[in-house]
Amino acid sequence: MNRLDNAGIINVCCCLDFPELHLKGNYDNNKFKLYFADSGLLVAMLDNEAQDDLRANKIPQKLK
């Protein structure tokens, strides 16, 4: 994970124990989410049908 973060491919978002100032001292390293830094990589991982729907801005009804 650190290699991907250092390469700029992903952004790591750690879970805060308390959403207050001094963020560096109150986050949990074991709870995190990963986000693609480049949305093009995310789209490239989708199948062709999902890519076409995304580009045509077709959002499934269950997501609205």
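To the nearest 0.5 angstrom, C15 atom SG is 11.0 Å from N29 atom CG. Here the CG atom belonging to N11 is positioned 7.0 Å from the CG atom belonging to D5, to the nearest 0.5 angstrom.
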Name the atoms and distances for all side-chain donor-acceptor pairs under 3.5 Å in residues 36-54, with sequence neighbours left out.
unit_1, atom_1, unit_2, atom_2, d
D38, OD1, G40, N, 3.0
D47, OD1, A50, N, 2.9
Q51, OE1, R55, NH1, 3.3
Q51, NE2, V43, O, 2.9
Q51, NE2, L46, O, 3.1

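Contact record, C14 with Y27: CB-CD1, 3.7 Å, taken as the closest heavy-atom pair. Taking every heavy atom of both residues into account, D28 and D17 meet most closely at CB-OD1, 4.0 Å.
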CA sep, side-chain torsions, deciding dist, call: I10, M1, side-chain contact (heavy atoms from CB on, under 4.5 Å): CA-CA 8 Å; I10 62 171; M1 180 173 73; 4.1 Å; yes
